[in-house]
Amino acid sequence: MLQLPLAHLLNEPIGVAHFMVVGAVMFVCGALCMATKRNALGVLMGIELVLNGANINFIAFGSKYLRNDANTLGLDGQLIALFVIVLAAAEAAVALAIVLNFYNNHDSVDVDRAKQLQG
Amino acid sequence: MDAIYWPSFFFLLFGLLACGFAVAVLLATNIVRMAFYLIMSLSATSGLFFLAGADFVGAMQLMIYVGGTLVLLIFGVMLTSQERFVEMKTMAGDWIFGFLAGGALLVTLCWVAFSVPAWRGIDRAAAEQLQVEPTVAPLAMGLLGARTDEGGEHGYLLFFEIVSVHLLVVLVGAAYLARAKISRGTAAERTSHVEPGAALPK
Amino acid sequence: MDPASLLPSLLTAAWLIPLASFVVIVFFGKHMGPHGKLAGHVATLSIGTSCLLSMIALFGVWLPSHPVEAVSHGASHGTEHHEEGDAHQNDHEADPHEHEKEAASVGSSPYQLASYALVAEDSHEEDHSAHSNNDPPPYYTGEYYTLASFGSLKLVLSYYIDTLTVVMFCMVTLIATCVHVYAMGYMHDELHDFTDHEVTLSNGAHLKRPGRYWRFFQYLSLFCFSMLGIVIAGNLAMVFVFWELVGICSYFLIGFYIERHSASTAANKAFIVNRVGDFGMLIGMMALWASVGTFAFGDMQDESGKTLVTESGEIADPGLFTQLRTAENDHHLVPTEQIVKDGERLAWVEADGSSESDSKAGSWLLLIAGVGVFCGCIGKSAQFPLHVWLPDAMEGPTPVSALVHSATMVAAGVYLTGRFYPVFTPEALLVIAYVGAITLFIAATIAITATDIKRVLAYSTVSQLGYMMLSLGLGGWMAGMFHLITHAFFKGLLFMGSGSVIHAVHTNDMTEMGGLRKKMPITAYTMLIGCLAIIGAGVPLVGMGLSGYYSKDSIIEHAWSFADKNPVHIVLLIAPVLGAMITAFYMFRLWYMTFAGEPRNKQRYDHAHESPSTMTTPLIILAVFAVAVGWNIPSTDVGVSNMLQQARPVGTLAASQGVLLENLTIPSEHDAHNYYIPAGLAAFGTAAAGLLLATIIYLWNLLNPSEIKQSFRPIHSFLWNKWWFDELYWAIFVVPTMMIAKLASSFDRGVIDTFLHGTAATAKGGARVVDAVFDRTVVDGSVNAFARGTWDFGLMLKKLQTGSLRQYILFIVVGALVLFVSAFFTIVIAGS
Amino acid sequence: MSLSEPKVYLSFLVFLPAVAALVLAFFPRGKEEVLKFATLGVTMFTFILSLGLFRQGAGIDFEMGVAEMQNLFALDWIPSFGIQYMMGIDGISFPLVVLTTFLCVLAMGASWPINKHVKAYCILFLLLETGILGCFVSLDFFLFYVFWEVMLLPMYFLIGVWGGPRREYAAIKFFLYTLFGSVLMLIAILMLYFNSDLTELNATQLANTGIISFAEEGDAQSAMDEWLAGDSDLAKEYAAVNSANESNADESTRRQLHTFNILALQQIGQNTSQFQGTALFGQTVGWWAFLMLFVGFVIKVPGVPFHTWLPDAHVEAPTPISMILAGILLKLGGYGILRICYPICPHAGYDLAYFVCLLGVVSMVWGAFAALAQKDFKRMVAYSSVSHMGYVVLGFAVWSAFGSNGYNPEYWEMGVNGAMFQMIAHGISSAGMFFMVGVVYDRVHHRNLEEFGGLFAKMPVYSGLAVGIFFAGLGLPGLCGFIGEVLVVLSVWKYSYVLAIISASVVILTAGYILWAIQRVYLGAEYKGPHPEALVPITMRELAIASPLLALAIVLGVYPRVLLDYMQPSVDRQVERLAELTEGFEEQEKARQELEGTEEVAIARAQPRLPDGIFGSDVLPNTTLKFSSTEPAQ
């Protein structure tokens, strides 16, 4: 059975799972941000949150202090996280450019108005 | 009761900060506040990285993300911050569907996280024995193609190069995309006369 | 006077007379007197005769042959006036003769009395400590005729008569008679050409049409026949038959004003939502049918009412209850061998041959059967999540709301749950209890904000039905059935009162009423009695009150007793207690808004007048019943609760333990008694609080309702929109169904036919190949056909492309979830 | 030659309409009213003839409660191929025969509005009736096939000439679809014919095929000897083959006596291993024959995905032809499955039971969904037929008599009886529904559901009848649709609870589309379409057609034994025979598993089992098509 770890949270070391929970919360918040914000920039922020949520998982899986077996990703985890950060930066730049372009063309940042591709 | 295990305490602190501000980003309607909350959330995340022993990534998170990417975003906010975009309401139905789907996803993810016993963490005794190793040097070596850490065999030189070039291309592309439109009319023309499926039989 | 032959003939006659009336009115209704006026008399006379026959059956035949036992009850209560409300029988204090009777009731024959008496007395002391189970109630059963039979499988029309049947017959026919009389007054508009002000034609005029007085009574008669059919039915299949028939009567009656689009839509909604429930019921029936092979409630009897036995002394043709709760198992619910076998076929049940896994497999199947049958009850009794149809059903004329949608038909769900009680496993009972609790809470909250007087009452009905279901689910069979009877009277009264008001002011909207008690005192004060009855007004600890007091208090006692045994399910206690407060609040909100204060619409107020005596007389009669139906007849023990005692289903008195949920205990009905004081106080306190709150807001005007509304805007709009259930169902059921329908239809044309045409074109092309025109034909024929297929398919698919970024993201999230879940199931299924 | 001889009576019944059609061909022009009356008279006379079978005492009565073929006769027709002119009726065909003659009377009554080429119409109509009746009573496969094709052509012309705007498309679609099925059927017939050998049947089995007959107390063997001594061509052939085989010890050059006799083929399929030889892809002859026959019949039923001819044919066909098409023609498919597919190829039926059930369930669901989406009134009713006939297919195949679940064929009997009942009930309700659509179509000449409304006020009697008949289609208790549906659905759980749940869910969809259609057509304040002035109350002719249908629907719904008493013995006997075979399958399966060392759960799964004779060898059948995953037991 699943033991609720809350009781020992402060005096026992935390594990991968706890990181994953934080990651999951950020991921879900990000996804919801994307799904509910009408402002394109809000959507972008959601993406950042999602990427960060994923990053937390990579770091947690890469860390060898958080689990009691040796199956960590090791440095690979951190390296992937680094790449994610860099790609996030690139993505942000391009996305921002798209948003600005959209803003110039439509005079709006409302993603609901970007429906030209609908079937 | 045992004494407080401080790393856990800090994890709790940073974790709650990160989650809390993430939720705040989600719930905030004002775009400027959202940006601020996002900064706080990402900064707290870097704290989590440090706690997990990824000092270099943590630092990069602070520098590139918080220092760079987010500033870019804030530029975006400022460039488009007309009154009517600062607060945009979403339909209640979207919220409900969003929360239904998101809640289900969250539950699933958390359930997955706790379904592997090995992921629950280590004993306190074992934890206090741990030696923290710096990661900057192995990371740097890894990026340059020579892994020094145990278990790693292949370096990341090629990927590193690809990412660098990619970044360059992207930045050039972004600059191209974002520059002010000169030939708006032609662009509109170009897109308007291509009708989908015109070539196909009706 | 032999009850075994007399009772069936009396009740069958009472059942069939309305059918005869229906047939007569169908063929001759239009020509009965001016505008079919006599049809009303025919229908009323027939249901009156049925009522008379039912009363004779109860007081002339049943009671003399089955005297009611005096309920003595524990000294722990210290009161003597509580007998009526006390739903429990304390075996250990009753005198020995009762036990003889009870024991003899296995065969329900007086001749066996002596032989059983000894056994009963001997076993008695142990029984008390071990909470022994009760035997089957006395009943008479027999067959009318066989519909179809296949070897040992038989679908028959049969009857099953016990006290519950007889009491229900009296209740239904009595209220129906009142409603018929009332309707003769209420529907008099239909006696001449009728102008429907709610229907505007395309030329801007209101619709004018001939009256349909006779047709209304035609439907009412058919309804009475069908409803009595449910009550008298001796097997589940027959219940299902009449279940559908009352559904269709309800459809006709809701849609009585067929010209109104809202009415026909509401009628459709009612029938289709009920069909959803019936779908569940069919599943339950299939499960039972496949494993038990019979639908009969009782064991086959001979003409004198004795159970048929084989030469070896076994029951010859055991019914459902006897097969599931055999005397060898002390009437505990034990799955039979075949049930276990069939249970093991269920995909998720792991069978390893051990007795534990056997009983789990059996429990699973019984759970499916029980919950399945209960689904039908959910639909018919408008329980969550199928409660959405009942408020819309108020489109029908008010007498219909009073008869069909409050007192009788919707109670049929509760009736069936009660009738079918021995088949429910503890887990199924828990489901029932939760459904009841959720329903009663949701409906009560919605009633707070509704302003349509009939809708308030409709939600109140849903909520009260939730109480009954909750009580049944908690093991309080008596309390639930008792509330069913009392509720029928006061809710029928309330609906007819509201009809009287609507008749006077020509609107349903309470915001246009006010102060009407001066204009129509009889209506006002009879409705006040109804309100007091529904909130369970009574004197706590003394044990005197209106009918609702007894039944509702004992429901809360059961909730308390259950929550004490199962602290996890504390919410099952919170819901009814909180519900009691909300009930008091909205009922008095209704009364104050309608009858007290100043008139809000002067014109309507001036127009208002007291209704004719055909309408007020039934009100007064029902008011008397609403007050007194919970009492015993003075200086005797004859009272509804005592009579229901005789019908307690087999094997439901003792506590039972869950098999699938091992921590679940359904407490014995006795136990509820220990919580008489706290439950009574809680019920009284909350009801008083609700009443006080309503008085503060709506009578004394100390708080302005509209300001409260303003400050709780989100909650108000949430409740005002009925928790968005209609919208939700529209989005998640109706729209996808229509989409699948369109898809299926366009698949036929778009894919199958396109494929055929493609094949035909290819064949044609093939023919031209022979004619040496191969190039163009082959290429064009096949490629074009393929392209067209792809194109059409693409057109179909493109509807998915909404173009909304945010929806795409939701698709992604949902897709990820589906992947997770399917991966999980793949692993689980592959792994097991 | 008197009417009390079965061969005269049945031939008369079948060919009377055709002969009448021949006579009508010489009818003078211009008297169309008289023509119609004459045709109506012929159909009525045929109906009375079919009712004459109820008459007790004479040589040709139909005895209630007898399971065997009655009024059976066989005359040599083309002796060189063993083709006989053989007819008979039992509880399965009798109700269908009466339904056919009855609906033909009503459909002819509904043909009054037809004024184009009346003579040709009447002739084709009568030919159609002959074809259908012939199909139901013929017991020789070749004869059956001839009638099957005879029925096809008049239908093609009736749709193609008297239909609506797209009649030619619809007619050719109908024709090609059915022809495709016929071709498959022909291949299967020939396969069965060339694999059959009458000489392997013993005397009792031959007696069951109707080839030899003996009195109840008589001895089968002596009857057979008597038959062999007689002068029937078949008997001579039989003796010749037998003597040739006796003198020839070589198995490979053994002569066989092929047969088209359906009853004989049933006996062969159930008692011998003649159809168990491997044909293609490791499957047996019987398996392939079953599949092809089934596809041929299921096109007629129609089952998804072979159903798209039906909506088009119905929409374009004139009202009376729709009535016949829905009321009777679809039943031929069901009749074929019950009479031919299952008894002749029981092994394949057992293997493919899940597939057949699934097809039935898919048809039910698919038809209901598609009906929900229709805008054309008649198209909606057509799709409702697809849905309702799905019950029939499902009911036939609920092979609930397997041992692992407690050997009990009663549930299967219930399913097959329910399916048979559903065929009759659907014949009544769907014919009624199409007629009801036709009544308004004759008045306002459109069928767009969105453009009706308010008919209740303008045509109250018609609307009342229509609502009654639609409720019969909805499966309301007390009306005929309910009994069939409930019997089928209740029997499914024993076979597969998943299919049972899906099939039960159809009740919701059915209620949805029927009530929605009623709301749009009959309820509402005013009529929204063209020609509102044409909406006059129902005429006596229409009343005379509609009310018997509704009355029958009520009678069958309230007292279903009226029908069950006639058909149940025959159905039960067939089911019990097949169920007995199932026990044999179970044992073979068990033995096979022990041999293989596997422990697969043996429910009706697609595993061909070899008959005892061949089974002794080490050759094991290949694993073949599986239609549902078998969960390995833990």
Side-chain angles (χ1 to χ4, degrees), chain A residues 2 5 9-22 24-26 28-29 31-33 35-36 38-39 41-42 44-45 48-49 52 56 59-60 62-63 65-69 74-75 78-79 81-83 85-86 88-90 92-94 96-101 103-104 109-110, chain B residues 2 4-5 8-9 11 15 18-19 22-23 25-26 31 34 38 42 45 48-49 52-54 57 60 64-65 68-69 72-73 76-77 80 85 88 90 94-95 98 102 105-106 109-110 113-114 118-122 124 127 130 138-139 142 149 151-152 156 163 167 170-171 174 177-178 181:
Chain A
L2 189 149
L9 207 54
L10 271 181
N11 36 33
E12 281 296 320
I14 33 94
V16 178
H18 304 84
F19 272 82
M20 285 175 77
V21 170
V22 176
V25 171
M26 289 187 70
V28 170
C29 282
L32 285 188
C33 242
T36 56
R38 282 168 55 202
N39 193 325
L41 289 161
L44 276 188
M45 294 185 195
E48 302 300 337
L49 275 178
N52 255 279
I56 288 183
I59 294 292
S63 169
Y65 314 122
L66 299 175
R67 55 198 297 166
N68 50 19
D69 57 2
L75 271 192
Q78 296 194 24
L79 279 161
L82 264 182
F83 287 138
I85 290 177
V86 174
V94 174
L96 200 62
I98 293 173
V99 168
L100 287 180
N101 215 339
Y103 179 71
N104 284 338
V109 287
D110 185 352
Chain B
D2 296 331
I4 290 179
Y5 183 67
S8 290
F9 171 77
F11 169 78
C19 294
V23 173
V25 172
L26 173 61
I31 188 76
M34 275 167 61
L38 185 65
L42 298 192
T45 312
L48 290 178
F49 289 175
V57 182
M60 285 303 111
I64 300 182
Y65 236 122
T69 311
L72 209 57
L73 264 179
V77 171
T80 62
F85 303 135
M88 295 174 87
T90 310
D94 292 338
W95 279 112
L105 186 63
L106 183 62
L109 287 175
C110 292
F114 281 99
W119 292 351
R120 299 256 178 77
I122 49 178
R124 183 161 179 173
L130 283 173
L139 268 179
D149 56 318
Y156 284 88
V163 167
L167 198 54
V170 157
L171 288 178
L177 270 177
K181 270 281 178 267

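Residue numbers start from 1 in every chain, and the chains themselves are labelled A, B, ... in the order their sequence lines are given, proteins ahead of strands.
Taking the six-membered ring where tryptophan is involved, the planes of A/H18 and B/F11 are perpendicular, since the angle between them exceeds 60° and thus also 30°.
Only the side chain of B/L171 has a heavy atom closer than 4.5 Å to any heavy atom of chain A. Using a 4.5 Å cut-off between heavy atoms, A/V16 contacts chain B through both its backbone and its side chain. Heavy atoms of A/L32 lying under 4.5 Å from chain B belong to its backbone as well as its side chain. Interface residue B/L139: backbone and side-chain heavy atoms are both found under 4.5 Å from chain A. Both the backbone and the side chain of B/F9 come within contact range of chain A, judged by heavy atoms closer than 4.5 Å. At a 4.5 Å heavy-atom cutoff, the contact between A/Y65 and chain B is made by backbone and side-chain atoms alike. Contacts of A/L96 with chain B are made by side-chain atoms alone, with heavy-atom separations under 4.5 Å and no backbone atom involved. For a residue to count as touching a neighbouring chain, one of its non-hydrogen atoms must lie under 4.5 Å from one of that chain's; by this rule A/A93 touches chain B with backbone and side chain alike.
Put simply, the side chain of A/I59 does not reach to within 4.5 Å of the side chain of B/L48, judged on heavy atoms. The shortest side-chain heavy-atom distance between B/Y65 and A/N52 falls under the 4.5 Å cut-off. Looking only at side-chain heavy atoms (C-beta outward), A/L66 and B/W119 stay at 4.5 Å or farther from each other. Using a 4.5 Å heavy-atom cutoff, the side chains of A/M45 and B/V77 are in contact.
Across A/G62, A/C29, A/A88, the residue that shares the most heavy-atom pairs under 4.5 angstrom with chain B is A/C29.
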